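Remarks on the structure that follows.
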Amino acid sequence: MSQRSGSPPPYSCILQEKEQENPCRVFPSQDPLDRADFNAVEYINTLFPTEQSLANIDDVVNKIRLKIRCLDDNIRTVVRGQTNVGQDGRQALEEAQVAIGQLFGKIKDIKDKAEKSEQMVKEITRDIKQLDHAKRHLTTSITTLNHLHMLAGGVDSLEAMTRKRQYGEVANLLQGVVNVLEHFHKYMGIPQIRQLSERVKVAQSELGTQILADFEEAFPAQGSKVAWLDKIDRRYAWIKRQLVDYEEKYGRMFPEEWCMTERIAVEFCHITRTELAKVMRTRAKEIEVKLLLFAIQRTTNFEGLLAKRFSGCTLTDGPGVKKPETPLESTNPFLEDEIGEDGSEMEEDLDRPKKHKAPDNPFHGIISKCFEPHLYVYIESQDKNLGEMIDRFVSDFRAQGPPKAGTEDGGAVLPSCADLFVYYKKCMVQCSQLSTGEPMIAFTTIFQKYLREYAWKILSGNLPKTSSNSGGLTIKSLLQEKEGSEAAKFTVEELCLICSILSTAEYCLATTQQCDLQQYPVACSGPGRCL
């Protein structure tokens with residue numbers, strides 16, 4: 001089958017060309033006869049370029065023939081060598097198969113020996129493994145028993161320390177017991193372990209309840225101790241520091257007309273009054289006179305400090321808050337009257353009406369009002385002091401007697417009377433500073449009581465005895481006019497004593513009547529009478 005013109009050469013031709021190119025690449029040679037594009041004409045022209053060179057043609061032909069014979073010998077050698085290659089390959093294959101068989105035999109022998117060695121090792125180490133397991137189990141058992149001993153002892157100690165409230169020791173012990181108990185989670189199926197776990201839970205619950213109860217009991221007591229009247233200075237010092245700190249940090253943040261600093265101070269006063277009332281109500285039996293007066297003094301000083309610092313404009317902002325009222329005018333002689341050198345009050349001072357100075361402190365009573373329910377302590381103290389004073393007057397009168405006749409003091413007012421009214425004045429002034437309500441009324445009752453005692457024990461009780469009046473003299477009988485034999489006869493000393501008693505009674509009457517019933521009704525007990 002002929003090739004079509006323009007079609008590519010067959011695959012065999014391409015393969016032959018490649019086979020011709022490959023030897024040149026594998027065995028490179030400079031011989032022109034080895035070239036793929038060998039041209040005989042060009043080669044001959046190369047050997048005989050000129051006519052003169054044809055003279056050596058025989059030598060050239062001989063060389064070529066020699067070369068041809070060498071090539072033939074080489075080809076024959078190669079061909080003969082190729083005939084022996086197949087036989088040698090089969091022999092080598094057989095030898096390799098024999099070697100492989102021998103190798104498999106050796107491997108099998110080694111494997112058998114290894115299995116025997118492994119079996120021998122297992123038999124040797126079998127006892128060692130048993131001992132190792134026994135050791136591990138024994139160690140675990142000892143550790144578990146130690147933990148169990150620690151747990152049982154710890155639970156007992158925990159319960160004992162909880163009952164004794166040894167919280168410092170309990171804190172460390174409880175943590176240790178809980179850590180040990182964690183090792184027994186997998187043993188909770190054992191009744192004894194489960195019982196110990198329940199005891200630990202109960203101890204924890206009781207300990208928490210007990211500590212909470214102790215805190216509840218201790219903290220209020222501690223707070224009450226710190227908040228007691230003897231520490232009242234701390235309250236006021238604290239609010240002073242807070243107000244200064246507030247003004248430095250936040251004073252400029254709010255408009256000045258809001259008076260934020262004053263509002264904070266007023267709120268502090270309201271809270272302090274409420275809390276002081278609570279703590280005094282709780283510990284009323286512990287209030288003493290000195291402690292009460294100390295607290296009142298510190299509180300009134302603080303209220304005065306507030307009045308100097310603030311205007312009190314915020315006191316009328318809240319509902320139900322009333323502006324402090326100006327107290328009623330009073331002519332109470334105990335507050336402003338002065339006693340003359342002779343023991344009698346100056347007539348011009350008695351005739352001039354007396355008035356209270358209107359307090360300019362809008363904060364007066366904002367805290368100290370809480371002390372009024374407990375002023376009975378002060379009143380009882382004054383009651384006791386007045387009783388002791390009357391007893392001292394009686395003992396002094398018995399020891400010293402009345403003013404002697406023939407002296408300047410003969411028939412004068414008894415000094416004890418002036419001392420009594422000076423003390424009355426002091427008490428009235430002090431009480432009016434504390435309260436003008438129920439405590440003042442209680443004071444008037446006490447004053448009445450001891451004025452009567454003074455009248456009976458000092459005045460009427462020391463009048464001279466007469467034979468005509470077995471019941472003894474009275475001021476009323478002395479003021480009655482008697483004639484003839486009914487007139488009692490007295491010595492000069494007795495007359496001096498009677499004059500002194502009458503002068504003292506007149507002084508007491510004049511002093512007590514200075515209280516105006518309409519202007520100062522609180523301290524009056526009846527029409528025309530005071531105290």
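Quick caveat, the model's predicted, so the values are computed rather than measured.
Taking the side chain to side chain contact (heavy atoms under 4.5 Å, CB included) definition, one finds that Leu305 meets it with Lys240, sequence neighbours left out. Partners of Glu267 under the salt bridge (Lys or Arg N to Asp or Glu O under 4.0 Å) rule, at least two apart in sequence or in another chain, do not exist in this structure. Under the salt bridge (Lys or Arg N to Asp or Glu O under 4.0 Å) criterion, Asp245 pairs with Lys249, sequence neighbours left out. Every residue meeting the salt bridge (Lys or Arg N to Asp or Glu O under 4.0 Å) condition with Arg309, not counting sequence neighbours, appears here in chain and number order: Glu247. Listed by chain and residue number, nothing satisfies the salt bridge (Lys or Arg N to Asp or Glu O under 4.0 Å) test with Lys113 (two or more places apart in sequence, or in another chain).
Applying the side-chain hydrogen bond (donor to acceptor under 3.5 Å, both in side chains) rule to pairs touching residues 173-202 yields Asp156-Arg199, Glu159-Arg199, Gln175-Asn179, sequence neighbours excluded. For residues 160-181, the set of pairs meeting the salt bridge (Lys or Arg N to Asp or Glu O under 4.0 Å) definition, not counting sequence neighbours, comprises Arg165-Asp214. Residue pairs that meet the side-chain hydrogen bond (donor to acceptor under 3.5 Å, both in side chains) test with at least one member in residues 137-150, sequence neighbours left out, do not exist here. Legend: salt bridge (Lys or Arg N to Asp or Glu O under 4.0 Å) pairs involving residues 94-108, not counting sequence neighbours: none detected. The salt bridge (Lys or Arg N to Asp or Glu O under 4.0 Å) contacts involving residues 433-448 comprise nothing, where partners must be two or more places apart or lie in separate chains.
For Glu256, the CD atom sits in a loose shell: 12 or fewer heavy atoms of surrounding residues, nucleotides or ligands are nearer than 6.0 Å. Surrounding CZ of Arg398 are at most 12 heavy atoms belonging to other residues, nucleotides or ligands under 6.0 Å away.
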When you look at Arg392 and Met389, which way does the side-chain contact (heavy atoms from CB on, under 4.5 Å) test go after all the steps? CA-CA 5 Å; Arg392 186 174 71 251; Met389 181 178 289; 3.7 Å; yes

Test Thr261 against Phe310 for side-chain contact (heavy atoms from CB on, under 4.5 Å), laying out the working first. CA-CA 9 Å; Thr261 307; Phe310 305 115; 3.7 Å; yes

What verdict does the side-chain contact (heavy atoms from CB on, under 4.5 Å) test give for Leu386 and Leu420, after you've listed the backbone C-alpha separation in whole Å, the side-chain angles of each residue and the deciding distance to 0.1 Å? CA-CA 8 Å; Leu386 286 170; Leu420 179 63; 4.3 Å; yes

Salt bridge (charged side-chain N to carboxylate O under 4.0 Å, His left out) for Lys116 and Asp112? Distances and angles first, verdict last. CA-CA 6 Å; Lys116 293 179 180 180; Asp112 293 339; over 6 Å; no

Which is it for Tyr507 and Leu414 under the side-chain contact (heavy atoms from CB on, under 4.5 Å) test, yes or no, and what are the steps along the way? CA-CA 10 Å; Tyr507 173 79; Leu414 297 177; over 6 Å; no

Between Ser416 and Tyr454, does the side chain to side chain donor-acceptor pair (under 3.5 Å) criterion hold? Intermediate values first, please. CA-CA 9 Å; Ser416 60; Tyr454 185 85; 2.7 Å; yes

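One finds the CG atom of Asn172 at 15.5 Å from the OH atom of Tyr167 (value rounded to the nearest 0.5 Å). Rounding to the nearest 0.5 Å places NZ of Lys129 at 5.0 Å from OG1 of Thr125. Note: His270 NE2 to Cys370 SG = 13.0 Å, rounded to the nearest 0.5 Å. The distance from the CG atom of Leu181 to the CG atom of Leu196 is 8.0 Å, given to the nearest 0.5 Å. With rounding to the nearest 0.5 Å, the separation of OG1 in Thr444 from NZ in Lys449 is 13.0 Å. Annotation: the span from Trp228 atom CH2 to Thr282 atom OG1 amounts to 8.5 Å, rounded to 0.5 Å.
Residues Leu229 and Phe371 are in side-chain contact: their nearest non-hydrogen atoms beyond the backbone lie under 4.5 Å apart. You'll find the side chain of Thr272 stays beyond 4.5 Å of the side chain of Ile232, heavy atoms only. In this structure, the side chains of Phe393 and Cys417 stay at 4.5 Å or more apart for every pair of heavy atoms. Side-chain contact between Lys278 and Glu275 is present, with heavy atoms from C-beta onward closer than 4.5 Å. Two residues are said to be in side-chain contact when any heavy atoms from C-beta on lie closer than 4.5 Å; Tyr250 and Met260 fail this criterion. Annotation: side chain of Gln242 is not in contact with side chain of Ile264 (no heavy-atom distance under 4.5 Å). With contacts defined as side-chain heavy-atom distances shorter than 4.5 Å, the pair Cys269/Leu306 qualifies. A 4.5 Å side-chain heavy-atom check between Arg235 and Phe268 finds at least one atom pair inside the cut-off.
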May I have the list of side-chain donor-acceptor pairs in residues 374-384 shorter than 3.5 Å, sequence neighbours left out?
from	atom 1	to	atom 2	distance (Å)
Tyr378	OH	Gln430	OE1	2.3
Gln382	OE1	Tyr423	OH	2.4
Asp383	OD1	Tyr450	OH	2.2

Donor-acceptor pairs are to be reported for all side-chain atoms of residues 287-299 against protein atoms at under 3.5 Å, with residues two or more places apart or in another chain.
from	atom 1	to	atom 2	distance (Å)
Arg298	NE	Asp233	OD1	3.3
Arg298	NE	Asp233	OD2	3.3
Thr299	OG1	Tyr236	OH	2.8
Thr299	OG1	Ala295	O	2.6

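Side chains of Thr162 and Gln210: no donor on one and acceptor on the other come within 3.5 Å.
In this structure, Arg263 fails the cation-pi test against Trp258, since its NZ or CZ atom is not both closer than 6.0 Å to the six-membered ring centre and inside 45 degrees of the ring normal.
Side-chain N or O atoms of Arg273 include none that pairs as donor or acceptor with a backbone N or O of Lys369 at under 3.5 Å. Counting only distance, with no hydrogens or angles, the side chain of Thr445 and the backbone of Ile441 share a donor-acceptor pair below 3.5 Å. No donor-acceptor pair closer than 3.5 Å links the side chain of Glu453 to the backbone N or O of Ile390.
Pro362 and Ser311 make their closest contact through CG-O, 3.7 Å (heavy atoms, listed as atom of the first residue, atom of the second, distance). Contact between Phe363 and Gly312 at its shortest, heavy atoms only, is CZ-CA, 3.9 Å. Here the closest heavy-atom approach between residue Gly154 and residue Leu173 is recorded as O-CD2, 3.8 Å. For the residue pair His364 and Glu303, the shortest heavy atom distance occurs at CA-OE1, 3.8 Å.
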